[in-house]
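In each ligand, atom 1 is the first atom listed, and ligand 1 is the first ligand listed. Keep in mind the model is a prediction, meaning the values are calculated, not measured.
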Amino acid sequence: MRLQTKLTLFNTLSKLVIVVLFVLLLPRLIGNINLNYTDNRLRKQKDKVLQKIDSLGIEQYMPDGKPYGSYTLLKEEYVGLEESPPSYHLNTIENSERIVEGDTIQYRILSHTFAHDKKNYLLEVGKSVKTIGETSSPLQSIALEVLLGMIFFTVLLDFLYADYLLRPLGKIIKAKLLDKRFPAAGPYQRINTSTYDFKYLDESIHQMIQHIEATFQKEREFISNASHELMTPITILQNKIENLSGREDISDELQLKLVEMHKTLNRLKSITKTLLLISQIENEQFLKEDTISVSELLNDVSDEISIRLQDKNIRMNIEVTDDKTLHEVNRFLLFNLFFNLVNNAIKYNKEQGDIAIKAFREDGSYVIEVSDTGIGIPEEQVPFIFNRFKKFKRSAQQESFGLGLPIVKSIADFHKIGIEVSSELGAGSRFRLIFP
Ligand code: ADP
């Protein structure tokens with residue numbers, strides 16, 4: 001799951017937990033607010049009644065000393081006044097029942113005793129409990145709607161902010177890791193971000209890449225220098241052996257040994273040359289200035305390799321459905337690439353086998369396929385066949401250095417050509433080159 005999705009999900013869940021808690025507490029909260037409001041209102045009403053009694057006199061309410069009672073039309077509120085014993089003192093607000101015109105109604109009642117004209121009176125101001133709770137449920141639903149709206153809004157904001165915040169991370173991964181080609185070319189490009197952690201990550205990756213680059217460079221230089229240095233003594237040795245073979249005063253046995261030594265030196269030379277070639281390709285020491293058509297290139301390879309085909313009795317068919325002119329390529333290297341692929345197709349083929357080379361357009365790309373009816377490559381070995389010096393024990397007859405496919409890969413990378421391999425053991429292999 002993406003980090004942004006995780007953050008948004010966590011935010012949404014934590015906010016939902018708050019909403020649930022709030023919804024559970026809301027009735028209690030609103031009940032308390034309502035009760036406080038009602039009690040305050042009852043106190044104010046009591047003060048007003050006492051003021052009126054002070055200014056107008058108690059006779060205004062109890063002209064002949066009879067208890068006074070006044071109700072609103074729907075019996076939601078009432079005021080009661082009556083004389084009480086002198087020792088009776090009360091100052092409370094509580095819920096209590098009253099029977100009004102035959103109806104038993106639950107009221108919130110403020111009871112207050114006070115002295116007036118040397119008499120003690122009891123004043124009751126009440127409000128029906130039912131009306132107090134009436135506002136609760138509309139208030140609850142409004143609060144819930146507002147809250148849900150706010151949550152939706154903040155979750156959306158969180159999502160957008162997380163997207164904005166994490167954008168540099170995606171850029172770092174794409175620019176510095178996914179799109180990175182090793183060895184990398186070009187200067188360091190800082191990713192624009194104000195977040196310290198991403199800056200730190202960007203710089204750390206840059207340092208790591210610099211380190212890898214330096215190691216790559218050292219390795220390339222070493223291979224290049226080593227192969228270069230080896231070529232001279234090998235050639236001197238070869239010349240000496242050739243001179244020795246030409247002498248007549250040496251025995252047949254020694255002659256045979258000299259021939260074997262020559263062969264071994266030839267192999268050594270071949271390996272050294274190939275290593276030098278790989279390092280030169282990787283050091284970008286080749287130019288890409290040639291123009292050549294696919295059919296011409298494949299025919300050149302076919303001409304060069306035809307003797308080997310005949311040796312093994314193998315048929316090769318070239319089918320260029322749609323010819324293409326390749327621009328800005330290195331002809332020598334591309335020749336080398338196809339030569340190696342066809343050479344392997346011959347080397348690992350069966351007697352009287354077939355090789356098919358097809359060139360065609362597919363889904364906007366240009367594809368050249370080299371397939372053979374040879375021994376095939378076991379599935380588990382396919383990921384390693386492009387590794388240097390990786391050769392698998394197949395047939396003792398094959399001369400093998402494990403450098404053919406690494407060259408193919410280096411040349412393909414140098415020209416930004418993709419390679420796909422599919423193979424079936426005992427049935428054959430297919431190498432697909434996908435041109436950009
Ligand atoms: P080499 O052929 O000198 O051993 P390569 O780098 O050309 O080295 O090939 C590496 C390995 O891949 C070979 O040893 C062989 O096992 C396998 N391989 C390459 N091409 C083919 C092919 N066309 N058919 C079967 N196996 C192949």
**Request:** Please identify which atoms of ligand 1 are closer than 4.0 Å to at least one heavy atom of Ile385.
**Result:** 10 (C), 12 (O)

**Request:** Provide the number and element of each atom of ligand 1 under 4.0 Å from a heavy atom of Ser429.
**Result:** 22 (C), 24 (N), 25 (C)

**Asked** So does Arg167 pair up with Asp163, basic N to acidic O under 4.0 Å?
**Response** yes

**Fill in**
Counting heavy atoms under 4.0 Å, the part of Asp372 that contacts ligand 1 is side chain

**Point-to-point distance, once rounded to the nearest 0.5 Å, from CG of Leu287 to CZ of Arg331** = 15.5 Å

**Asked** Looking only at heavy atoms, is any part of Gln381 under 4.0 Å from ligand 1, and if so is it the side chain, the backbone, or both, or is it neither?
**Response** neither

**Phe431, Tyr348, Phe386: member with heavy atom nearest to atom 13 (C) of ligand 1** = Tyr348

**Fill in**
Numbered in order shown, the ligand 1 atoms found under 4.0 Å of a heavy atom of Lys347 are 1 (P), 2 (O), 3 (O)

**Basic-acidic side-chain contact under 4.0 Å: Glu77, Lys130** = no

**Request:** Consider every N or O of Gly404 and every N or O of ligand 1, then say whether any pair is closer than 3.5 Å.
**Result:** yes

**Prompt:** Which of parallel (below 30°), tilted (30 to 60°) and perpendicular (above 60°) describes Phe386 and Phe431?
**Reply:** perpendicular

**Prompt:** What atoms in ligand 1 come closer than 4.0 Å to a heavy atom of Ile377?
**Reply:** 25 (C), 26 (N), 27 (C)

**Carboxylate-amine/guanidinium contact Arg190 Asp202, below 4.0 Å** = no

**Request:** State which residue, out of Asn340, Leu341, Ile318, fulfils the side chain to side chain contact (heavy atoms under 4.5 Å, CB included) condition with Val370.
**Result:** Leu341

**Subset of ligand 1 atoms that lie under 4.0 Å from at least one heavy atom of Leu405** = 5 (P), 6 (O), 7 (O), 9 (O), 12 (O), 19 (C)

**Prompt:** Taking atom 20 (N) of ligand 1 as the point of reference, which of Val382, Asn344, Asn343, Ile346 owns the nearest heavy atom?
**Reply:** Asn344

**Message:** Parallel, tilted or perpendicular, judged at 30° and 60°: which one describes the rings of Phe286 and Phe414?
**Reply:** perpendicular

**Request:** Report the residue from Ile407, Val301, Leu433 that forms a side chain to side chain contact (heavy atoms under 4.5 Å, CB included) with Leu337.
**Result:** Leu433

**Message:** Just to check, does Pro406 reach to within less than 4.0 Å of ligand 1 when the distance is taken from its heavy atoms?
**Reply:** yes

